[in-house]
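I have placed the structure first, in the form of structure tokens, so that the comments after it can refer back to it.
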Amino acid sequence: MSVVTQADPTTPAGSARALSERRPLGDRSFQILALACGLLVLVILVLIAVSTSQQASSWFTTEGWKIFTNNWNPAANQFGALAFIYGTAITAVIAIIMAVPVSVGIALLLTEVVPYRWSRPIVYVIDLLAVVPSVVWGLWGIIVFAPWIQHIYSSIASGVNGIPVLDNLFGSPTSGASFFTAGIILAFMITPIVTSLSREVIATVPQIDREGAYALGATRWEMIRGAVWPHSQGGVVGAVLLGLGRAMGETIAVALVIGSSAVITSHLFAPGYNMAAVIANQFGEATGVFRAALMGIGVLLFVFTIIINVIAHAVVDRSARRMRGA
Amino acid sequence: MAVATETQQIDLREPKGWRRTSNRIMTVLMVTAFVLVIIPLGFVLVTTVVKGASVISWSFLTSNIPPNVAPADVGGIGPAIVGTVEITFFATLMAVPLGILGAIYLNEYGGRNWLAALIGFFSDVMTGVPSIIMGLFIFSIWVLHFGFSGFAGALALGCLMLPIVIRSTDEMLKLVPNSLREGSYALGATKARVTMTVVLPAAIGGIVSGAMLAVARAVGETAPLLFTILTVTTVNKNVFSGANTSLPSQIFSNANSPFVGAQARGWGAALTLIVMAFVLMVVARFITARFSRFSR
């Protein structure tokens, strides 16, 4: 103890230690304030998990594992959520299947094909797609798009009538509001984010790799397959996962166009439901266990999207690190 | 002479056959992908503008919200515009300063330590949390205790904006050259002073435009507001108590309505909302182009 106090006066002025001890109060409190704001992100995420789980606890305790059964009947106090989990998976997968090729295609168009002065307007158009609010997609989806696409569903259904597998997938459409309509609208909505993330990843491919491929006589497509794709594969996978997370959580547009029917069916053109949409549509009039069940579906959705996002960002970070190393 | 004639002529023309064909097919497919995106976007925008413009007038923008059965030319969306402005204003007031400070921690203080890496990672993850979860969260911790209010909606939107602001500000702070910081330290300034008077002003263009893009995203969000503000039909000037309404909430309830008049008012509200978000985006772009001193 005494050794330390004796040593102090001998500390040379201007050393790092002396400087840090002379830091004024304002400087230190600013650092603490900044740290607190940074920690706020973690605090909010923990609070979300804790507070929503607490509100949902009566659903988890009364239903137990029955929450994963397919019987949603609030009037009879049955709250199995499997139909909504199924709907979320189906609509998100439909959206991904349609959005990913389009998004990667646009990203390649922007980075590899068009000259810079053309790429800027294209980026503006894609950004404009992101500016259209979810609820406007929903309004357009239910009033304009669903009645129109219903005719297409009908003709596809009559075309596949009697063909074994296709009939199960595309048969018996009832209205324009369906899993498939929701999937299409979701595809429009996640295209901007998948495009911009893929574009960022593809832009990090070293120019010298491209030039090398061209020097070997590759055509542009051969260059993309041989030089761009191996380099950006990981990052694009991350972008796709982020798009999947968005598609699972998108609420309002889906709530309007999915048809609101808690069923598990292989018919993609049939009305269905998903997790986000059932919360949005039914939470207002729910009380007791019903409300706890909807809150619990929210908890499940939160957990699913957190897992997907953690994996996605881990993949993106890893491929970004590898790219910097290369 | 003889040597020159013997030199092989390198064939620089496009290769023939399948290699050329596949290259052209893929190029065409890429252009097709872009066209596939333009078509629905064009349809949505044209429908909204055509249907919206036919109902928008000064009285539509200022009148109270009528019952859904009312014909298209009765009433308007005044309370929804007031509510959207109030709620977005308070959300911005909370999320932007906190987000900028959080980014300052990440970039100026945290550096490469594990805590900053963790916060940065989870800010990214938090941008992917569905907006309806934010609504349920604020419902649980705020609405159940203090009731519905515009402020509850602002809290939910603020949670949504916070990680976006942190991420965009962080990107901008990274672009500020270290020589600026070192120069100010050499003059004896404290870290707080360097950050506030040198680093932030240098990055302010990008920070403001990032914040505006976050606002543009939040202004169109419906899901966080569903269980936090409800809807009302008259203007509620008090953000801190009583149910409120917003443009997206109003569009959602009108879209669910079978009445033609309600749907027409929905289109009018949709056009108003898109114009608001679009103006925010264009101003953000303008600020980026005009005021950013450092770019990638």
Side-chain angles (χ1 to χ4, degrees), chain A residues 23-24 26-27 30-31 33-35 37-38 40-42 44-45 47-48 51-52 55 102 105-106 108-109 113 122 125 127-129 131-140 142-144 188 191 219-221 242 245-246 249 251-252 256 276 279-280 283 295 298 301-302 305-306 309-310 313, chain B residues 15 19-20 22-23 26-27 29-31 33-34 36-38 40-41 44 47-48 98 101-102 104-106 109-110 119 121-126 128-133 136-137 140-141 159 162-163 166 190-192 216 220 222-223 226-227 248 251-252 255 263 266 270 273-274 277-278 281:
Chain A
R23 278 174 65 189
D27 192 39
F30 183 75
Q31 174 170 8
L33 184 68
L35 173 62
C37 292
L40 194 60
V41 168
L42 304 180
I44 290 177
L45 282 174
L47 271 181
I48 292 175
S51 67
T52 50
Q55 292 297 320
V102 169
I106 298 172
L108 287 172
L109 182 74
V113 180
I122 296 181
V125 170
D127 283 353
L128 202 58
L129 200 65
V131 162
V132 176
S134 175
V135 70
V136 176
W137 282 113
L139 180 74
W140 178 77
I142 195 62
I143 297 181
V144 180
F188 296 148
T191 295
T219 63
R220 182 163 56 214
W221 174 241
L242 287 176
R246 285 289 163 90
T251 309
I252 293 298
L256 286 166
I279 303 172
F283 195 83
M295 197 62 98
L301 183 60
F302 179 67
T305 48
I306 287 280
N309 274 279
V310 165
H313 285 292
Chain B
R19 295 181 59 208
R20 180 169 73 180
S22 67
N23 188 36
M26 293 322 290
T27 307
L29 281 181
M30 288 178 210
V31 176
F34 180 58
L36 277 177
V37 165
I38 293 185
L41 177 66
V44 170
T47 318
T48 311
L98 293 177
L101 279 168
I104 286 174
Y105 173 74
L106 289 187
Y109 290 99
I119 294 174
F121 184 80
F122 277 100
S123 314
D124 279 340
V125 170
M126 193 174 164
V129 170
S131 58
I132 192 155
I133 304 290
L136 290 177
F137 166 55
S140 311
I141 66 159
C159 288
L162 182 72
I166 289 183
T190 61
K191 193 153 193 169
T222 322
L226 282 179
F227 332 122
I251 300 169
F252 183 55
Q263 289 182 359
L273 186 60
I274 286 188
F278 184 71
M281 190 185 94

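Each chain gets a letter, A, B and so on, in the order its sequence line appears, and its residues count up from 1.
The closest side-chain heavy-atom distance from L226(B) to T251(A) is not below 4.5 Å. Side-chain contact between I104(B) and F30(A) is present, with heavy atoms from C-beta onward closer than 4.5 Å.
If you measure heavy-atom distances from T47(B) to chain A, the contacts under 4.5 Å come from the side chain alone. Heavy atoms closer than 4.5 Å to chain A are found in both the backbone and the side chain of L98(B). Heavy-atom distances place both the backbone and the side chain of A277(B) under 4.5 Å from chain A. Both the backbone and the side chain of F302(A) come within less than 4.5 Å of a heavy atom of chain B. Proximity to chain B (any heavy atom under 4.5 Å) is restricted, for L42(A), to the side chain, taken from C-beta onward. Looking at P163(B), there are no atoms closer than 4.5 Å to chain A (heavy atoms on both sides), in backbone or side chain. At a 4.5 Å heavy-atom cutoff, the contact between T305(A) and chain B is made by side-chain atoms alone. Of the two parts of F122(B), the backbone and the side chain both hold a non-hydrogen atom closer than 4.5 Å to a non-hydrogen atom of chain A. For L273(B), the part lying under 4.5 angstrom from a heavy atom of chain A is the side chain only. For T48(B), the part lying near chain A is the side chain, with the backbone staying farther off; criterion is any non-hydrogen pair under 4.5 Å. Heavy-atom distances place both the backbone and the side chain of R220(A) under 4.5 Å from chain B. Interface residue V144(A): only side-chain heavy atoms are found under 4.5 Å from chain B. With a threshold of 4.5 angstrom between heavy atoms, V113(A) approaches chain B through side-chain atoms but not through N, CA, C or O. Using a 4.5 Å cut-off between heavy atoms, L242(A) does not touch chain B at all. Within the 4.5 angstrom heavy-atom criterion, only side-chain atoms of F227(B), from C-beta onward, approach chain A. In this structure, chain B has heavy atoms under 4.5 Å from both the backbone and the side chain of S51(A).
Across all non-hydrogen atoms, the minimal contact from A34(A) to Y105(B) is O-CB, 3.3 Å. Nearest approach of L136(B) to G298(A), heavy atoms of both residues: CD1-CA, 3.8 Å. The minimum heavy-atom distance linking I252(A) with A223(B) is given by the pair CG1-N, 3.7 Å. Scanning both residues, K191(B) and D27(A), for their nearest heavy atoms gives N-OD1, 3.4 Å. Considering every non-hydrogen atom in both I132(B) and A276(A), the closest pair reads CD1-O, 3.6 Å. Counting all heavy atoms, side chain and backbone alike, A270(B) lies closest to L139(A) at CB-CD2, 3.9 Å.
Relative orientation of the H313(A) and F121(B) rings is perpendicular, given thresholds of 30° and 60° on the angle between their planes.
Between chain B and the options I142(A), L47(A), L33(A), heavy-atom pairs under 4.5 Å are most frequent for L47(A). Comparing C37(A), G26(A), G138(A) by heavy-atom pairs within less than 4.5 Å of chain B, the highest count is held by C37(A). Across I274(B), D124(B), L36(B), the residue that shares the most heavy-atom pairs under 4.5 angstrom with chain A is D124(B). If you tally non-hydrogen atom pairs under 4.5 Å between each of I38(B), V129(B), L29(B) and chain A, the highest count goes to V129(B).
The structure places OG1 of T27(B) at 9.0 Å from CG of L109(A), a figure rounded to the nearest 0.5 Å. Once rounded to the nearest 0.5 Å, the distance linking CE of M26(B) with OG1 of T219(A) reads 10.5 Å. T191(A) contributes atom OG1, which lies 12.0 Å from atom CZ of F34(B) (distance to the nearest 0.5 angstrom). The CD1 atom of I133(B) lies 9.5 Å from the CE atom of M295(A); values are rounded to the nearest 0.5 Å. Note that CG of L35(A) is 6.5 Å distant from CD1 of I119(B), once rounded to the nearest 0.5 Å. Here the CZ atom belonging to F137(B) is positioned 12.0 Å from the CD atom belonging to Q55(A), to the nearest 0.5 angstrom.
When each of I306(A), N309(A), L45(A) is paired with M126(B), the side-chain contact (heavy atoms from CB on, under 4.5 Å) condition holds for L45(A) and for no other.
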